[in-house]
Structure formats: structure tokens, C-alpha cells
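Have a look at the structure below before the remarks.
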Amino acid sequence: MRVIQALRGTRDILPEEVSYWQLVETKAKEILTRAVYQEIRPPIFEQTSLFERGIGEGTDIVGKEMYTFKDRGDRSITLRPEGTAGVVRSFIENNLYAQGGVQRLWYAGPMFRYERPQAGRQRQFHQIGVEVLGSDSPRADVEVIALATDLLKTLGLKSLKLDLNSVGNQKDREQYREALVNYLIPFHNELDRDSQERLTRNPLRILDSKEAKTQEIAQNAPKIWDYLSNDSKKHFDRVQQLLTDLGIEYQLNHCLVRGLDYYTHTAFEIKSDDLGAQATVCGGGRYDGLVAELGGPETPAVGWAIGMERLILLLQQLQKPPIIQPDFYLVSRGDKAEAQALVIAQKLRTAGFTVELDLSGSAFGKQFKRADRSGAVACLVLGESEAENETVNLKWLISGEQQSVNQVDLLTQINLLELKNKIALHKQ
RNA sequence: GCGAGCGUAGCCAAGUGGUUAAGGCAGUGGAUUGUGGUUCCACCAUUCGCGGGUUCGAGUCCCGUCGUUCGCCCCA
């Protein structure tokens, strides 16, 4: 029979890897909660028009990467390709702005884009993201950047680089776009083919082309910084100054252009050299126009998203996964003993111990071999004689030392404390 | 959507046209019918992703197909 495989671009996150995911999720939640960010869980699919309007019709995400289909009611549905649009929709629909002040939100979960998979890129991938809605202060930009760097640093990741840019407001960008096109037109024939096409469609994207020749041309292109309005410039300067005050290193990159239409002012990416072609671990920026664009009140906002798969690739290069090693491994043989072992396992677990029960019923020798491999601190042995006497043989696997313990005594408070201390000692 | 590489056991693999497809890890059973970490022995692919072709003969060469990896585009 033909085995059914996971679809292209999807994969199983197996137990060994899940421990990394849990580590990231735990740390992220800790750090974000300390900054009083609250979790929000919007749906995984939405009306297609949300993304068309929110992300921008001209973007590649909307143009060729969305998982869009008709449901049984003939509605056009799209699996979310990113998190911000859904959060903003929810913010508007639930009148979260009516609570006044600033909303600090975070989310985590799967996103979907129909692309060819490669290193650090899947069709179903996962992001953790934050959105701060309702503040136009540069301090909000810096707060979210600091949270991202804090999380990455806490996880032990080094040699990450923060790239920073400002794409100004709508007007700044229009003027800059014109200047850029004027600069590029004489070079038309020297540009790579993709960039030639982008000259009319999306000229800003030419700036971060990977073609060597195009890059060379881009390096000397007019910089957007010279086209920023006074307010935009002030915002950008303030962000830089605050980052410096916080001791967060960054480099200005006038070629950094983010792909989604909704970005304004601050744009940033955190990159790693250890990821192959898909180097960006975290991308984000300010999007002051999006809430209004989606029908809400004028609301400035800033946020980022971290690519979980990419982050975990880096983490795996750095450290071995934490493995669960049981406190006790329960070896038993014979109907009566096996029944008692089950009860003891249950009680020890209730008391807070980690207990692995051998289910094989095979020879003691085999069970001990498995006990050893499990990494358990101690073995509890129940055979026929123990079952008869209602005792259990406690064997410390490091020293080999054994003692017979009454089954009832094993579960009294005093002995439990003693056991916990001993186990703590053995684990050191 | 485009380009390149790769598909041999649960995993890592040798094999580059000639009888029965190395080896290692893991697994199972035994030496050891109630005591582990070492060791030793045995077992573990009627078949090399799938389909077709060339050939006396194909895991090996050719075509197609599917999968996968890396890259382009794009993005987290």
C-alpha cells in the first residue's frame, strides 16, 4: 500500500525538536509578559480580501503565494500568510481601540505561503509576533526591537545583526520613488532582468537585489534618508538615539526595504550568517496606515515577527536538546507485580516524580538494559517475591546500591523528601 | 514559476554494467529462565522511490514521473 506522506512544504515537528520549540515559547512568553504584552489568538483563515487589502495587491505574497480556496458556501478563504492583518482586523472588529491607550499584543502560530521550500522556508511555517497599536512614539519602535533582541539574546544567540532603515511616510516614499527611478533609468540595460521589471512595478525592491551588478548600482543610488520629511527624520533620529542609549547595536541599511505595502517609517531586520539564503530571523517595522486602511480609526502601530523555524535552526546549531530523563524506571515481572508497579508509578507521579514504566514483561536483564538507556536515576524492581511481601527493590543506577523498601513506606511524606534529596544529589 | 544536485533497511551509508545487494548505528532474540552499562553470537532489503526503455545481463546507462535538498524569485 502506498504510504501517505506529509504535503510538500509541511513537516512533522518530532519530539526531539519539540523541546526547542517549547524552550522558545516559554522564554518568549516570559519576556513579553514582563512587558505586559497580552496574547491574542485570531483565526488561522480569514476572508481573502483582508490580506489583499492589508498586505497589498501588488505584493508577491498576495499575487502568487496565498493559499486561497472557496469553501462550501462559495466564500473566498485564505490561510493567513502573516499575522499582522488578522490582529489588526480583530483590533478593529472587537473595538479594542475603545479601551483607549496602547494595546500591546503578541501571537504565535502557523502561517502559510505557497512557495518552493528551501532551507529555513516551509509552506506551513510558524511565527511569533508582537504588535503595539496606538502609539506613534519612537519609544514604541525601540521597545519592540528591544524585546526581540532580548529574546534572541536570552536564547543564547550571538552574531546576529540588526539592520535599520526608515521608509518614511507615504509622501516621502512617493518622492523618493521618483528620484530612484530617475537614477536607475540610465542603468536600465545593466540591471538584471527581474530588476528591470521592478523598475515600473516596485522600484524600491531593486535596492535589495542579490545580483552583484545591481547591488553595485544600488549602492550609489539616492538614499531615502535625503527624502524624509522633517517629522520622519526626527522620528528616525530618535529611534537611533534610543537604541544607542539602550546599548543595542545596529547598522543603517538604506537598501532595507520590506516587502509588505503597509510599512512606514521604521523598518528593521535581524539577520544571521548561519542560515543560508533565508537569513532573516526577525522582520518588522512601523505601519501607521494599516488600521485605517482596514476600516478602523487612524491608529499608529509597530510590530515584528520572528520565524520560528529559522530561529530553531540556529538554536540547534548551538545546543543539544534537553532530554527528559526519568527519576525512576519501573521494572516488573508477573501479573501481581505488574499491577502493583502501575499503582506505584501513579503515586510517584502524583508526588511529582518522573516515572517510566517498562511495559515489555521481558526478562529482568532486558528491562535493566532499557532502564540504563533511559537515563533514569533509580530503578524500582518488582518481581514475584516483592509482590508477595509488598515491598519494592530500590536500586540506584549509578552506584548499583540496592535496598528493599516497604511499598507503603516508599510513599510516605518523610521518605519522599528523602528520595527527592537523593535524586537531586544523583542528578548533579 | 525557474535552475541545479540527490533518492539503496528506522538512521548513516558501500556499491560506477556481471553469479546470493558490504559495513556501522538502532532494534529483536540468545549466552545471562531475578539484576544494567562491557563483550560475544544469531536475526533484521526476494530488492535499490515509482513506471518504461537500452542490454545476454541494470542499484549502476537512458527517458519520464514523484519525492527531497539547495539556490533564484520572495519572505519570517
Side-chain angles (χ1 to χ4, degrees), chain A residues 2-9 11 14 16 55 58-66 80-84 108-129 148 192-195 197-198 201-202 205-206 208-211 256-260 263 268-272 275-285 303-314 329 331-334 337 358 360 362-376 378-387 393-402:
Chain A
R2 201 189 190 92
V3 177
I4 296 174
Q5 297 177 300
L7 287 167
R8 163 175 284 161
R11 62 191 195 99
L14 297 172
E16 195 187 9
I55 299 170
T59 62
D60 277 12
I61 290 181
V62 172
K64 59 179 199 189
E65 293 173 5
M66 292 208 300
R80 62 182 186 193
E82 55 95 54
T84 302
M111 308 292 164
F112 305 85
R113 288 181 204 172
Y114 192 89
E115 300 178 278
R116 281 294 281 275
Q118 71 186 66
R121 189 167 72 193
Q122 296 283 315
R123 287 183 176 180
Q124 176 177 336
F125 63 104
H126 299 77
Q127 291 184 334
I128 287 184
D192 60 278
R193 217 146 130 243
D194 287 322
S195 293
E197 278 171 33
R198 281 185 294 217
R201 199 165 41 89
N202 198 348
R205 293 227 57 91
I206 295 173
D208 66 357
S209 167
K210 283 179 189 170
E211 287 291 326
L256 171 63
V257 187
R258 318 233 47 260
L260 285 47
Y263 284 108
F268 66 92
E269 282 186 5
I270 301 174
K271 297 185 198 183
S272 165
L275 278 173
Q278 308 302 322
T280 304
V281 182
C282 175
W304 50 250
I306 284 176
M308 281 290 279
E309 279 80 359
R310 292 178 190 178
L311 177 53
I312 281 159
L313 282 173
L314 292 174
Y329 191 94
V331 164
S332 59
R333 206 157 147 69
D358 193 303
S360 70
S362 53
F364 277 106
K366 296 289 173 195
Q367 296 198 45
F368 272 99
K369 206 168 258 185
R370 273 182 226 113
D372 196 54
R373 228 170 289 160
S374 78
C379 225
L380 290 170
V381 190
L382 275 137
E384 273 177 43
S385 51
E386 287 85 356
N393 215 17
L394 171 62
K395 177 170 182 176
W396 299 96
L397 285 168
I398 294 168
S399 60
E401 156 204 357
Q402 287 192 70

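Just so it is clear: chains get the letters A, B, ... in the order the sequence lines come, proteins before strands, and each one is counted from 1. Side-chain atoms are counted along with the backbone in the values below, which use heavy atoms only and exclude waters and symmetry mates. Model, not experiment: these values are computed from the prediction.
Here the P atom of nucleotide B:C70 and the CD atom of A:Gln118 are 7 Å apart, to the nearest Å. Atom CD1 of A:Ile270 and atom C1' of B:A76 are 11 Å apart (whole Å). If you measure from atom CD of A:Gln122 to atom P of B:G67, you get 15 Å, rounded to the nearest angstrom. One interatomic measurement links the two molecules: CZ of A:Phe125 to P of B:A76, which rounds to 8 Å at whole-angstrom precision. For the pair A:Ile206 CD1 and B:C73 P, the interatomic distance rounds to 13 Å; values are reported in whole Å. B:C75 atom C1' lies 15 Å from atom CE of A:Met66, rounded to whole Å. Here B:C75 presents its C1' atom at 17 Å from CD of A:Gln124, a figure rounded to the nearest Å. For the pair A:Ile4 CD1 and B:G49 P, the computed distance is 21 Å after rounding to whole Å.
The local environment of OH in A:Tyr114 is sparse, with at most 12 non-hydrogen atoms from other residues, nucleotides or ligands closer than 6.0 Å. No more than 12 heavy atoms of other residues, nucleotides or ligands lie within 6.0 Å of CD in A:Glu16, so this atom counts as exposed by the packing criterion.
The residue among A:Ala6 and A:Glu82 whose nearest nucleotide of RNA chain B is located toward the 5' end is A:Ala6.
A 4.5 Å side-chain heavy-atom check between A:Phe125 and A:Met308 finds every atom pair outside the cut-off. You'll find the side chain of A:Leu7 stays beyond 4.5 Å of the side chain of A:Arg123, heavy atoms only. Contact of the A:Glu309 side chain with the A:Arg11 side chain is registered, since non-hydrogen atoms from C-beta on lie closer than 4.5 Å. Using a 4.5 Å cut-off on side-chain heavy atoms (C-beta onward), A:Arg205 and A:Ser195 make no contact. Looking only at side-chain heavy atoms (C-beta outward), A:Asn393 and A:Leu382 stay at 4.5 Å or farther from each other. A:Pro81 has its side chain out of reach of A:Met111: every pair of non-hydrogen atoms, C-beta onward, lies at least 4.5 Å apart.
When all heavy atoms of A:Arg80 and A:Pro110 are compared, the closest pair comes out as NE-O, 2.8 Å. A:Leu275 approaches A:Arg310 most closely through the heavy-atom pair CD2-O, 3.6 Å. Taking each heavy atom of A:Ile270 and A:Ala148 in turn, the nearest pair found is CD1-CB, 4.1 Å. Taking each heavy atom of A:Asp358 and A:Arg370 in turn, the nearest pair found is OD2-NH1, 3.0 Å.
Only the C1' atoms considered, B:U68 is 10 Å distant from B:G49, to the nearest whole Å. Rounded to whole Å, the P atom of B:C25 lies 16 Å from the corresponding atom of B:G37. Between B:U55 and B:A45, the two P atoms lie 34 Å apart (nearest whole Å). For the P atom pair drawn from B:C63 and B:C6, the interatomic distance equals 13 Å after rounding to whole Å. As rounded to the nearest Å, B:G27 and B:U65 have P atoms that lie 42 Å from one another. For B:U20 and B:U46, the C1' atoms lie 11 Å apart once the distance is rounded to whole Å. To the nearest whole angstrom, the two C1' atoms, one in B:U16 and one in B:U8, are 14 Å apart. Across B:C70 and B:G29, the matching C1' atoms stand 43 Å from one another, rounded to whole Å.
The residue A:Gly284 sits apart from the nucleic acid: no heavy atom pair falls under 4.0 Å. Residue contacts shown for A:Gly283 are limited to sugar-phosphate atoms, with no base heavy atom under 4.0 Å away. Residue A:Glu269 is classed as having no contact, given no heavy-atom separation below 4.0 Å to the nucleic acid. A:Ala371 comes within 4.0 angstrom of no nucleic acid atom, judged by non-hydrogen atoms across all strands. Within the 4.0 angstrom heavy-atom criterion, no nucleotide atom of any strand lies near A:Ala363. Using a 4.0 Å heavy-atom distance criterion, A:Glu309 is classed as making no nucleic acid contact.
Between A:Gln278 and the phosphate of B:A76, there is no side-chain N or O to OP1/OP2 separation shorter than 4.0 Å. In terms of phosphate contacts, A:Arg310 brings no side-chain nitrogen or oxygen within less than 4.0 Å of OP1 or OP2 of B:A76. Put simply, A:Arg205 has no side-chain N or O that comes within less than 4.0 Å of OP1 or OP2 on B:C73.
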Can you give me the N/O atom pairs linking the protein to nucleotides 1-7 of chain B at distances under 3.5 Å, or say none if there are none?
| from | atom 1 | to | atom 2 | distance (Å) |
| --- | --- | --- | --- | --- |
| B:C2 | N4 | A:Arg116 | NH1 | 3.2 |

Could you list all N or O pairs between the protein and nucleotides 36-40 of chain B that sit under 3.5 Å apart?
| from | atom 1 | to | atom 2 | distance (Å) |
| --- | --- | --- | --- | --- |
| B:G36 | N7 | A:Lys395 | NZ | 3.2 |
| B:G36 | N1 | A:Leu397 | O | 2.3 |
| B:G36 | N2 | A:Asp372 | OD1 | 2.5 |
| B:G36 | N2 | A:Leu397 | O | 2.9 |
| B:G36 | N3 | A:Asp372 | OD1 | 3.0 |
| B:G37 | O4' | A:Asp372 | OD2 | 2.9 |

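A donor-acceptor contact under 3.5 Å is formed by the side chain of A:Ser385 with the base of B:G34.
Here the OH atom belonging to A:Tyr263 is positioned 5.5 Å from the OG1 atom belonging to A:Thr84, to the nearest 0.5 angstrom. Note: A:Ile306 CD1 to A:Thr280 OG1 = 12.0 Å, rounded to the nearest 0.5 Å.
Of the candidate nucleotides B:U35, B:U68, B:G71, B:U35 has the atom nearest to the side chain of A:Val381.
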Taking Watson-Crick and G-U wobble pairs with both distances under 3.5 Å, convert RNA chain B into its dot-bracket string, 5' to 3', dots for unpaired and | for cross-strand pairs. ((((((((.[[[..)..(....]]].(((((.......))))).....[[[[[..)....]]]]])))))))....
